[in-house]
Amino acid sequence: MPTRDTMHKQTLLKRWLLGASLAALTASGASAATATRGDFGTLADGTKVEAVTLSNGAGMTARIMTLGATLQSLVVPDKAGRKEDVVLGYDTAREYLARPNYFGVSVGRYANRIAKGKFTLDGKSYALATNDGPNSLHGGLKGFDKRMWKIDSVTSGPDARVVLSYVSADGEEGFPGEMKVTATYTLTERNELKLEYRATTSKPTVVNLTNHAYFNLSGNDARDVMGNLVTLNADRFTPVDATLIPTGERRAVAGTPFDFRKPIAVGTRIRDARDQQIRYGRGYDHNYIVNGAAGTLRLAAVVEEPVSGRVMEVRVTAPGIQFYTGNFMDGTYFGKGQRAYRQGDAICLEPGTFPDAPNHPDFPSARLDPGKTYVNTMVYAFRTK
Ligand code: BGC
């Protein structure tokens with residue numbers, strides 16, 4: 001029988017060994033980025049939800065839950081080193097289903113709108129549920145955001161990573177082909193959160209996967225985003241009709257409230273109702289055509305929150321990025337800490353192909369064929385100023 005004294009000594013030895021190995025890791029330059037798996041409550045039907053927390057040695061933490069492969073929280077230091085959550089969302093998994101608003105979720109099979117929920121592929125017509133006025137939005141009634149994803153792997157340092165996967169049945173929500181998707185979240189020591197969506201299909205289909213994080217870089221201060229300085233690396237955007245379906249035009253931003261080629265506060269022109277596009281979107285709810293070659297990672301957006309000093313750079317491989325200022329939030333979404341979210345409380349930057357691409361042959365294609373792999377990569381990089 002070990003005596004209390006020997007047990008105490010063993011505990012001290014274990015602690016010392018742990019400390020020494022951590023010190024050795026740090027000294028060797030290897031990072032202390034960790035990925036930890038844990039429970040995240042249950043859904044109303046008893047389904048267990050899990051979450052993986054990625055932490056780096058530079059003060060950032062990202063929590064991803066299996067419901068919807070959702071970025072549930074993202075803690076980022078401000079210029080004074082204060083670590084605060086910069087994404088909107090709920091405290092519990094259940095609320096994501098009870099009052100869905102796509103907070104931080106993975107959106108699929110088709111992010112954004114498909115006009116009248118209809119498209120044709122190889123001469124065959126497909127009909128989807130219309131869940132946004134006359135149109136289909138964000139994958140339909142039960143899109144990827146409302147599905148349980150599996151955790152495929154969890155890896156600690158040098159980068160912390162989680163890979164989640166979901167298999168969407170042939171015909172699910174009206175889309176053809178069985179689709180296998182993965183979402184890989186990677187947190188680096190350089191304060192970058194990288195996200196990569198991949199998909200394969202058993203039959204020709206359409207796909208547009210994205211993440212729908214609502215960013216509020218003021219953290220606990222929870223100021224609205226009107227004072228955020230935004231830069232969008234886009235000379236053109238795709239104007240929409242009254243139901244937010246692109247008309248097909250690629251309009252120059254020059255001389256319009258949509259020009260963010262130089263940093264400008266979001267609120268400067270958001271009330272300029274002389275522009276019909278501002279009226280249709282109730283502000284900004286538009287797809288920007290990111291300058292440069294789609295398929296290569298390039299700068300799409302910079303958001304700077306002047307008081308906290310947090311700056312976020314968004315780099316994407318996608319051809320477009322939806323810039324949405326939370327215009328439909330009306331104070332009836334009670335988020336983390338029972339905070340009511342209102343119009344203009346967040347910025348969404350959703351990289352993807354253009355809305356309604358399946359009905360616009362001249363838009364970048366959303367088609368995916370068997371044997372091919374769809375990839376959409378986005379990096380949210382943080383610094384302070
Ligand atoms: C759309 C908005 C929609 C929001 C829902 C955005 O991607 O562009 O119109 O209200 O998602 O969260």
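Each ligand, and each atom within it, is numbered from 1 in the order the structure gives. Every value quoted in this text rests on a predicted model; they were computed, and no experiment measured them.
No donor-acceptor contact under 3.5 angstrom links the side chains of D241 and T247, judged on distance only.
For ligand 1, the protein residues placed under 4.0 Å by at least one non-hydrogen atom are N101, Y102, N112, R113, H138, H212, Y214, L244, D285, Q322, Y324, F328, E350.
In this view, T353 satisfies the side chain to side chain donor-acceptor pair (under 3.5 Å) rule with no residue, not counting sequence neighbours.
Using a 4.0 Å cut-off between charged side-chain N and carboxylate O, R310 and E304 make no salt bridge.
Separation of atoms CE (M378) and CG (L193) is listed at 10.5 Å; rounding is to 0.5 Å.
Cluster partners of V311, using a side-chain heavy-atom cutoff of under 4.5 Å among ILVMFWY residues and allowing indirect links, are L299, V302.
Within the structure, every pair that satisfies the salt bridge (Lys or Arg N to Asp or Glu O under 4.0 Å) test and touches residues 333-352, not counting sequence neighbours, is listed here: D85-K336.
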